Structures are given as C-alpha cells and as structure tokens.
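What you are looking at is a predicted structure, and each value in this text was computed from that prediction instead of being measured. Here is the naming used below: chain letters follow the sequence lines, and residue numbers restart at 1 for every chain.
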Amino acid sequence: MENTEIARVLADVSTLLEIQGANPFRVRAYENAARTIEEHPTPLRDLVAAGADLTELPSIGKDMASHIRELVDTGRLTVLEELQRAIPYSLIDLVRLPGVGPKRARKLWEQLGIETLDQLETAAQEARIETLEGFGKKTQARILGGIATVRQRGSRFRLADADQLVEPLLAHLRATADVQQVAVAGSYRRRLETVGDIDILAIAAQPGPVMAHFTSYPRVRKVEMSGDTRGTVILESGLQVDLRVLPAASYGAALQYFTGSKAHNVKLRKRAVARGLSISEYGVFEVAEGDEGAATGGRRVSGATEEDVYAAVNLPWIPPELREDRGEIEAAERGTLPALLTLDDMRGDLQMHSTWSDGKQSIAEMLQGCVARGYEYFALTDHSKNLAMTGGLDAAGVRRQWAEIAEVTAGRDDITLLRSLEIDILRDGSLDLEDEVIAELDVVVVSVHTLLDLPAAQQTKRILTALEHPAVHVLAHPTGRLINRREPYAFDLDAVLHCAREHHVAVELNAHPHRLDLRDIHLLAARELGVPVVISTDAHQVPDLAFMRYGVEQARRAWLEPAHVLNTRPLSELRRWLAAKGI
DNA sequence: GCCGTTTTCGGCCCGACTGTTTTCAGTCG
C-alpha cells in the first residue's frame, strides 16, 4: 500500500469521525497523521517491513502506528470498518462539496435520508434542501453547482499521486528476467497534471510470462483483461493500468503511438501519408502503390526507436511534454523547438515556509535542505499576519525573524538567504504588511488566500491593485486552484498578466503537486506576453523542496526555456532584476 | 489521538465570512 493510499484511508476516518460528532481533536489527529504520511518522502511500507518505530514521525503515536501497520499488512482498517457500520461511507462525497461540511452532511442524512451525491442532487432539484433549518435557496443552488463540478472533473489522478502508484509497479515489472525494457507512455509520459489511466509498454521475446507477472502484482484489485500482448488491471487505488508487450523492433513506434497526444499523432500521421508512408504502433511502413490504407502492408522503414520514427518524416525527436499539437511539429520542421528548461537549470527556490509560520522545519533546516540541492540562493517566505491560522507574522514578528536569519546565515558564503514574505493581498488590494517593513525585504511575494468567492470584477481589481504596489516582485499561485479540489477563483487572468508585465512583476509556477499554479496553458500565455516566471515549491518541510521537479515538468509543457524563468539566473542577475522595480 | 511536560493530564494554529438568522452556526483557509 502506497503512502497516498494510507493517507487517504486515515483522512476518510477523520471525515467520518467528524460527521459522527467525535472529539474535534481526535478528528484532527487523524487528519494530521494523514498529512504526515502523504508528505513522507519514502514508502511507509518499507519502514514497516524494516520494523522501524513509526511513532518517531510527527503526529504518529501508538494508535496511528498500529493503524499504519494494519493497513500495510492487511490492506484493511478495523476502525474504518466499524465507522462504516454507523455512518454511510458515501457521506464523505457530500462533505467535499463547497458549502457542505460535516454538520450539514449529517443533517441531510438524518432528516432527508440522503446518502449519495445522486440523492442530494435529486433533493436539491426538487427544492427539498431549502426547507431544512440552516439551509436556504443559496445553499441549495451552491450544492447543485458543486455537484456539477465534481461530475465534470471525474476521477483523474494527480500526477504526483500517479507517480507513487506507478513507480513500484515498474519496479515489479523490471524484476523479472523475461522483460528487456519497460516504459510508461500516455499522458503520464507527457506529464499532464492529471492522468486518467496508465499505459505501460514492455519489450519481451515471450509475452506470456510478462503478462502473468503483471497480473500477479500484489496491488491489483481486478484483472479486467489479460490477452497475449495486452492486459488491463485495476489497482486497489482505483487506477487503471494497461500493459502492452511488444517485440524490440516495434518499441519506438509503440512508444510514440501510445504517448500521444491524439492530436499530435494525427498530425504526424498526415505528414507520413504525404510522404508515401504510414505510421502505426508497429512501425513506419512504405505504402505500396494502390495499397493506401493498409496499416502494415509495405516494407518497414523504421520503428525501433522514437528518433527513427520522427526521422522517417524528416523531423527531429520531439520531447513528450510538447506533444499536444500546440505548434511543436511546425517548430520541429523549422528547427526552432525550444531548448526546454531542466531541473539542473534551477539555481534557487523562491517560496518556502518555516516554523515561523506554518512550516514544519526551522530556518536552519530549510537552509541545509537548499544547500543539499545545490542551490545558490533561496527565499524564505513565511505568511503574513492576515493568515492567523498559519501563525502569520506582523511587523514585529518579521523583525524577530530577521534576527534569527542573521544568526543562521552568519559566516556562510555557500548559499544566500533572501529575506522575503508571502504577503496576503487584502480585500481592497492593499498588502498585509507596513510599507517600511516591505521596503527591507529582498523579494516581495504576494498572494490571495481569503475571500475566494468575490465577484470576478472585484477579484481582478483587488489583484491588479496589489500588483501596482511599487515593491511587489512575484504574484504567487495566481489562480488559487487546487487540483481536483478547488476551481480557480473567478478573475481576469489576462488582465493580471498584462498588469504584471507593465509593473515588472513575475508570476509564480507553484510546483506543489496539489497546485501546479499557474498551469501549462497559462504559462504559455505568460511566455507569449513576456511576463517572467518564477518556479517555487511552497515547501513546508525539507522533503517538499523536491517538488521542484513537478514545476519544471509543467514549465516544459509550456515551452519554457531557462531564459523565461527568473530563478535559473545567477544571484547577481536575479538581484539586478529585483532592483529594477520602478525604472 | 498526539504531544510535551510545569511529564501520565490538559491543551491542541484561530479569525473572518456567509447565509442563515435576528444573535449565530457552519464553513473555510
């Protein structure tokens, strides 16, 4: 069982306990444990197997440790099963709707017998919700809107969650001598922010044993289909995985074909047809005169590697992240494919938190983490006071923090700590910190955390006002979306990007796997407009610094090169950009 | 249920907003 799955089970226990009206601190204990597990950098099942003491992890005590062990050993949790006997499990879906919390979910169930989203939708349509005490017409309408949103986004997995599920499966497949090579294709390989299912390719001389090995993976819940060259399983997490077993000669063609996107492949195949060729998952073939339309009729031209496939239609290899038919084939033809950003280009991280607000580790620990990643600099961006729940800092707190920064960095010349703060943008667009304190920061990062439901015009004006403040450098997580959890707030992003360009403000690509904000298409827009991008992890503990990878991947999907990203620059150049405000 | 200790109990990041009310519960971040 992967960390993301263990975390999910404990989070579900937390929600059910909350609906049941349990001690709120007990509820939070499960929630905290879930977060610890989700964020833990190594699989907990390894710790369990090694007999490690799990209670050394934060928020994991004796009970949680035994829950984790039970889940790893049996895949089940007694506490959860007992709860499910008292409360319908499907009430969890209700709690996830905006405007519905545990209390209202319980009321809906007890007074109207509603257990599922479907039943809730029907009741709302029949105007039965507004009759309940504590509910009204607006809440009823909000519920209907929420259900529609949930339906629309379906059940895709966040990319980082898919990573956790796919990597051990790949290790399993590679562990048999029958397999020569294994690769993942599909949207996973294109690093799309969410994936619906996983397509795996394996090269083997004999497909039979490989397929048997695949379907015997311990985390398989159900084998949907298992043929000679193709099999489909559903993992216990609900993730569907397809495996195709191929001979080495077809590997490149199959990898290209199954990586997609569909639009990219259609265009590529058209190009092949124009050259008297045909591209299929089996290879590139010459189309014999009078034999158009036959998939594998003619002589095989290539197919063993992807490079060969592209070369057969006179193109250089195109990075998977670009294969969305957004002009990459044309650029490849002209020889103007971007020299995409890589993780090695990153010289610093410009958003992270410490114990001075809601981070889990000290300034000294975060600094050490950045040194370990080989960074030249980093910005410490704790929250400002408006976010009381995070222990946000006021002017006095900021000055106390500076004293500690001076101590921690004294005598260090291996890395530079940039003094910063993630300052809340208040309702009217003003900033949650006095100007004289802001003036002493090296990097001024601003963001919206409250009042997410303002009308679009008002929200836009609020953000524009903040960007017009003469000291602001970076707008953090500009849309506020949380993948699969919360839509972007309503505002005019285009107006914000134009304003950013005009006022020498960069936009953030927040690399936290739950955010990835700005997303790929918005970053493309920023690139077109010439608005610089900053990629930051929003780390709340040292392991989170590794989220940088997810930011770089999305940046690549947006065609970004090192020159588009401020924190690829050496410190001196970054400082020059920061100092150029108001010129 | 976890944690730290003034160590086996007692506290646990809390303030603002919304829609419902007519003084506030529920939700949110």
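Listed nucleotides B/dG1, B/dG29, B/dG26 differ in distance to A/Arg486; the shortest reach to its side chain belongs to B/dG29. Closest to the A/Thr139 side chain, of the nucleotides B/dG1, B/dG19, B/dG26, is B/dG19. The A/Met64 side chain lies nearest to B/dG1 when the options are B/dT20, B/dT27, B/dG1. Picking from B/dG26, B/dT20, B/dC2 the nucleotide with the shortest atom distance to the side chain of A/Ala29 gives B/dC2. Ranking B/dG1, B/dG19, B/dT18 by closeness to the A/Arg427 side chain, first place goes to B/dT18.
The NE2-C1' distance, from A/His540 to B/dG29, rounds to 12 Å in whole Å. For A/Arg142 and B/dT20, the CZ to C1' distance is 13 Å, given to the nearest whole Å. A straight line from CG of A/Leu54 to P of B/dG1 spans 17 Å, rounded to a whole angstrom. Atom C1' of nucleotide B/dT21 and atom CD of A/Glu133 are separated by 10 Å, given to the nearest angstrom. Rounded to a whole Å, the CG atom of A/Leu132 is 15 Å from the C1' atom of B/dA25. In this structure, A/Asp453 atom CG and B/dC28 atom C1' are separated by 10 Å, rounded to whole Å. Between the CG atom of A/Asp432 and the P atom of B/dG29 there is a distance of 18 Å, given to the nearest Å. Here B/dC2 presents its C1' atom at 12 Å from NE2 of A/His67, a figure rounded to the nearest Å.
Taking the six-membered ring where tryptophan is involved, the planes of A/Trp577 and A/His504 are essentially parallel, since the angle between them stays under 30° and well short of 60°. Aromatic ring orientation, A/Tyr489 versus A/Phe491: tilted (interplanar angle from 30° to 60°).
Between B/dC13 and B/dC2, the distance separating the two C1' atoms is 15 Å to the nearest Å. Comparing B/dT7 with B/dC3, their C1' atoms are spaced 11 Å from each other, to the whole Å. B/dT20 and B/dT27 have their P atoms separated by 13 Å, with the value rounded to a whole Å. Between B/dT21 and B/dC14, the distance separating the two C1' atoms is 23 Å to the nearest Å. Taking the P atoms as reference points, B/dT6 lies 15 Å from B/dG10, given to the whole Å. The gap from the C1' atom of B/dT23 to that of B/dT18 amounts to 15 Å, rounded to the nearest Å. Straight-line distance between the P atoms of B/dA16 and B/dT22: roughly 24 Å, to the nearest whole Å. On the P atoms, B/dG15 is 30 Å away from B/dT8, given to the nearest whole Å.
Among the atoms of the strands shown, none is found under 4.0 Å from any heavy atom of A/Pro24. Nucleic acid contact for A/Leu426: none, since no nucleic acid atom lies under 4.0 Å from a heavy atom of the residue. Using a 4.0 Å heavy-atom cutoff across all strands shown, A/Leu57 reaches sugar-phosphate atoms only and no base atom. If you check every strand for non-hydrogen atoms under 4.0 Å, A/Thr450 touches nothing. Residue contacts for A/Lys385: at a heavy-atom cut-off of 4.0 Å it reaches no nucleic acid atom on any strand shown. No contact: A/Val27 has no heavy atom under 4.0 Å from any strand.
No salt bridge links A/Arg221 with A/Glu236; every basic N to acidic carboxylate O contact stays at or beyond 4.0 Å.
The pairing partner recorded for B/dC3 is B/dG10, the criterion being a Watson-Crick or G-U wobble arrangement whose two distances lie under 3.5 angstrom.
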Identify the pairs formed between an N or O of the protein and an N or O of nucleotides 11-16 of chain B at a distance under 3.5 Å, and give each distance.
{"unit_1": "B/dC12", "atom_1": "O3'", "unit_2": "A/Arg28", "atom_2": "NH2", "d": "3.3"}
{"unit_1": "B/dC13", "atom_1": "OP1", "unit_2": "A/Arg28", "atom_2": "NH2", "d": "2.3"}
{"unit_1": "B/dC13", "atom_1": "N1", "unit_2": "A/Met389", "atom_2": "O", "d": "3.2"}
{"unit_1": "B/dC13", "atom_1": "O2", "unit_2": "A/Met389", "atom_2": "O", "d": "2.2"}
{"unit_1": "B/dC13", "atom_1": "N3", "unit_2": "A/Met389", "atom_2": "O", "d": "3.0"}

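Judged purely by distance below 3.5 Å, without hydrogens or angles, the side chains of A/Asn3 and A/Gln164 never pair a donor atom with an acceptor atom.
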(request) Applying ring-ring contact (aromatic ring centres under 6.0 Å, His included), run through A/His477 and A/His449 and close with a yes or a no. (result) CA-CA 10 Å; A/His477 48 74; A/His449 289 108; 5.0 Å; yes

(request) For salt bridge (Lys or Arg N to Asp or Glu O under 4.0 Å), just list the numbers for A/Arg142 and A/Asp453, CA-CA rounded to whole Å, side-chain angles, deciding distance to a tenth of an Å, and then say yes or no. (result) CA-CA 12 Å; A/Arg142 197 159 175 224; A/Asp453 286 334; 3.6 Å; yes

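In terms of heavy atoms, A/Leu112 sits closest to A/Arg128 at CD1-O, 4.0 Å.
The distance from the CG atom of A/Asn484 to the CZ atom of A/Arg96 is 10.5 Å, given to the nearest 0.5 Å.
Annotation: of the two residues near DNA chain B, A/His449 and A/Val79, the 5′-most nearest-nucleotide partner is A/Val79.
Every residue meeting the salt bridge (Lys or Arg N to Asp or Glu O under 4.0 Å) condition with A/Lys360, not counting sequence neighbours, appears here in chain and number order: A/Glu39.
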